[in-house]
Protein chains: 2
Amino acid sequence: MSNLHVPMTTVQRLPSYLQALISAQAQRMPVINSVEIAEMVGTNAAQVRKDLSYLGEYGTRGVGYDVDSLIAHLARWLGIEQHRNVAIVGFGRLGGALQGYGGFGDRGFRVVAVFDDDPDKIGEPYNGCTVESIDDIEIVLAREKVDIAMIAVPAMAAQSVADSLVAAGVKAILNFAPVRIEVPEGAIARQADLAAELQILSFHLSSLERQT
Amino acid sequence: MSNLHVPMTTVQRLPSYLQALISAQAQRMPVINSVEIAEMVGTNAAQVRKDLSYLGEYGTRGVGYDVDSLIAHLARWLGIEQHRNVAIVGFGRLGGALQGYGGFGDRGFRVVAVFDDDPDKIGEPYNGCTVESIDDIEIVLAREKVDIAMIAVPAMAAQSVADSLVAAGVKAILNFAPVRIEVPEGAIARQADLAAELQILSFHLSSLERQT
DNA sequence: CTTTGTGAACAGATTCACAGCG
DNA sequence: CGCTGTGAATCTGTTCACAAAG
């Protein structure tokens, strides 16, 4: 019963459900049930059913979920029925890797613009898109109809880049710099701090070491 | 009151507290209080105090927290008093970027080994470490005293790489491949699926678009 | 007879509000 | 007094268990 309130925790699990369904589709399964989905993503069936029920009634009682149709519904909820255009700001090691990373294309995203402030890099064509000057950000973002940006610049520059992006109308930002960036109401930013992920793992290692 | 049970949600916030404290230290603040920390990381003071209280009584009532000593305590809980050695499996675009990424060194980690299965890459020295054959994983991990590994191989290969890592004694894995990997009891794996992060942002964009 | 969808029970995390301590 | 540390209250998310539906 699509009561216009999907919990954040549910949203975070939707991509994994979509992955599971695509894998089921690849195995030519026409129908899948909540137990099978749960196994594939490492949860329990009740969680899967509750999560999906926030989006609507997409299953058939006694049968399960039609794989193709559930994929379509999830893709629609995730806003990737059509590809979304993403931009990368910062063409250093990480930005370059993100640009070259093949894993976005078949997950609903297309990298259409890359920015840097280093004159040596600007104008260089890589993998079908040219590195643009960060000064042209407003024009290029509008021209390329970018709706998501990834920030891969040093921590010091991240907030000011975020401000430019928001000013240029970008409403969603994935920030790889290890600082919290502020965005105004109406825009969303997510933090992707790789070193923090390692620290969390390290905490668990320490726990293991401690209990000996 | 260090009652041997730190909630997962708290653990996930510890890296951001540490970052905030380091930034306070850089500004020569000798003492900081929960309100200031909360502002820096974007939470509220009660949350900060509760989180820190799971680790111990590190503050002084009426005063706040001594920056240097709290940094030391957090670093200890996060297991990064001494650097931890990490390995990267998969020297493609992403693996290469992780290897070259400068952001790990001052967060407590040292990349000491890189593996790939492509004979053309093996033996090449990059940035002070040589690409090793994935067949030598057990020997090299032991020699380099690796305790955390990052998986940056194609989805298909991720689980088998994880199995080798665990067999070689690695207890913590950060997996960048877009599949859930299984590790036995006693080891920990975290998922770092970049496309999933974009999908979560895209969901929010769709919500915004929907309510118009 | 099977599996969904969902209220109700439960568990866990956040926030409140104040006692306790420097 | 000021700020921490923490029980108690609240809120949010998860799990249970079953009625509803094919």
Side-chain angles (χ1 to χ4, degrees), chain A residues 1-17 20-21 24 29-71 73-74 77 200 203 207, chain B residues 1-17 20-21 24 29-74 77 200 203-204 207:
Chain A
M1 195 190 296
S2 169
N3 254 345
L4 211 52
H5 237 99
V6 185
M8 182 45 154
T9 46
T10 295
V11 175
Q12 291 177 293
R13 281 186 292 266
L14 297 182
S16 71
Y17 296 153
L21 288 160
M29 290 172 67
V31 169
I32 194 168
N33 66 37
S34 57
V35 178
E36 295 167 316
I37 297 175
E39 267 166 21
M40 296 173 84
V41 308
T43 326
N44 61 73
Q47 179 83 83
V48 172
R49 291 203 303 277
K50 177 72 78 174
D51 282 341
L52 294 178
S53 78
Y54 286 122
L55 310 181
E57 302 198 9
Y58 299 138
T60 310
R61 290 165 200 238
V63 179
Y65 301 90
D66 180 79
V67 172
D68 292 350
S69 107
L70 188 50
I71 286 176
H73 283 299
L74 281 177
W77 277 97
I200 294 165
F203 178 96
S207 302
Chain B
M1 196 190 300
S2 169
N3 252 348
L4 213 53
H5 237 100
V6 185
M8 184 44 155
T9 46
T10 294
V11 174
Q12 290 177 285
R13 281 186 293 267
L14 297 182
S16 72
Y17 296 153
L21 287 161
M29 290 173 65
V31 169
I32 195 168
N33 66 38
S34 57
V35 178
E36 295 168 314
I37 297 175
E39 267 167 21
M40 295 172 86
V41 308
T43 328
N44 63 73
Q47 179 84 84
V48 172
R49 291 202 303 277
K50 177 72 79 177
D51 282 342
L52 294 178
S53 77
Y54 287 120
L55 310 181
E57 303 198 8
Y58 299 139
T60 311
R61 291 165 199 237
V63 180
Y65 302 89
D66 179 79
V67 171
D68 291 350
S69 106
L70 189 49
I71 286 175
H73 284 298
L74 282 176
W77 278 97
I200 294 166
F203 178 96
H204 289 291
S207 301

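Proximity of A:E57 to A:L52: side-chain heavy atoms (C-beta onward) are nowhere separated by under 4.5 Å.
Across every non-hydrogen atom of B:N44 and B:A38, the tightest pair is C-CB, 3.4 Å.
Distance, B:L52 CG to D:dT6 C1': 13 Å, rounded to whole Å. Between the C1' atom of D:dG5 and the NE2 atom of B:H73 lies a distance of 15 Å, rounded to the nearest Å. Atom pair A:I37:CD1 and C:dT3:C1' shows a separation of 12 Å (rounding to whole Å applied). We find that CD of B:E57 is positioned 18 Å from P of C:dA19, with the value rounded to whole Å. Between the CD atom of B:Q12 and the P atom of C:dA13 there is a distance of 10 Å, rounded to whole Å. Protein atom CD of A:E36 is 14 Å distant from nucleotide atom C1' of C:dT4, rounded to whole Å.
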Show the atom names and distances, to 0.1 Å, of all donor-acceptor pairs under 3.5 Å that link a side chain in residues 6-15 of chain A to residues at least two apart or in another chain.
| from | atom 1 | to | atom 2 | distance (Å) |
| --- | --- | --- | --- | --- |
| A:T10 | OG1 | A:D51 | OD1 | 2.7 |
| A:R13 | NE | A:D51 | OD2 | 2.7 |
| A:R13 | NH2 | A:D51 | OD1 | 3.2 |
| A:R13 | NH2 | A:D51 | OD2 | 3.4 |

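Close to C:dG5, at under 4.0 Å from its OP1 or OP2, lies a side-chain N or O of A:Y65.
Judged by distance alone, the side chain of A:E36 and the main-chain N or O of A:N33 form a donor-acceptor pair under 3.5 Å. A donor-acceptor pair is defined here as one N or O able to donate and one able to accept, closer than 3.5 Å; no such pair exists between the side chain of B:T43 and the backbone of B:E39.
In this structure, the helix from C:dC1-D:dG22 to C:dG22-D:dC1 shows an angle of 0° between the axis at its start and the axis at its end, each fitted on 5 base pairs and rounded to 10°.
In the set D:dT4, D:dG5, C:dT3, C:dT3 carries the atom at the smallest distance from any side-chain atom of A:N33.
To the nearest 0.5 angstrom, A:L74 atom CG is 6.5 Å from A:L55 atom CG. The structure places OH of B:Y65 at 7.5 Å from CG of B:L70, a figure rounded to the nearest 0.5 Å. Between atom CD of residue A:Q47 and atom OG of residue A:S34 there is a gap of 11.5 Å, rounded to the nearest 0.5 Å. A distance of 14.0 Å separates OH in B:Y58 from CD1 in B:I71, rounded to the nearest 0.5 Å.
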- Query: Reading nucleotides 14-22 of chain D 5' to 3', which nucleotides get B (base under 4.0 Å from a protein heavy atom), which S (sugar-phosphate only), which -?
  - Reply: BBBB--BB-
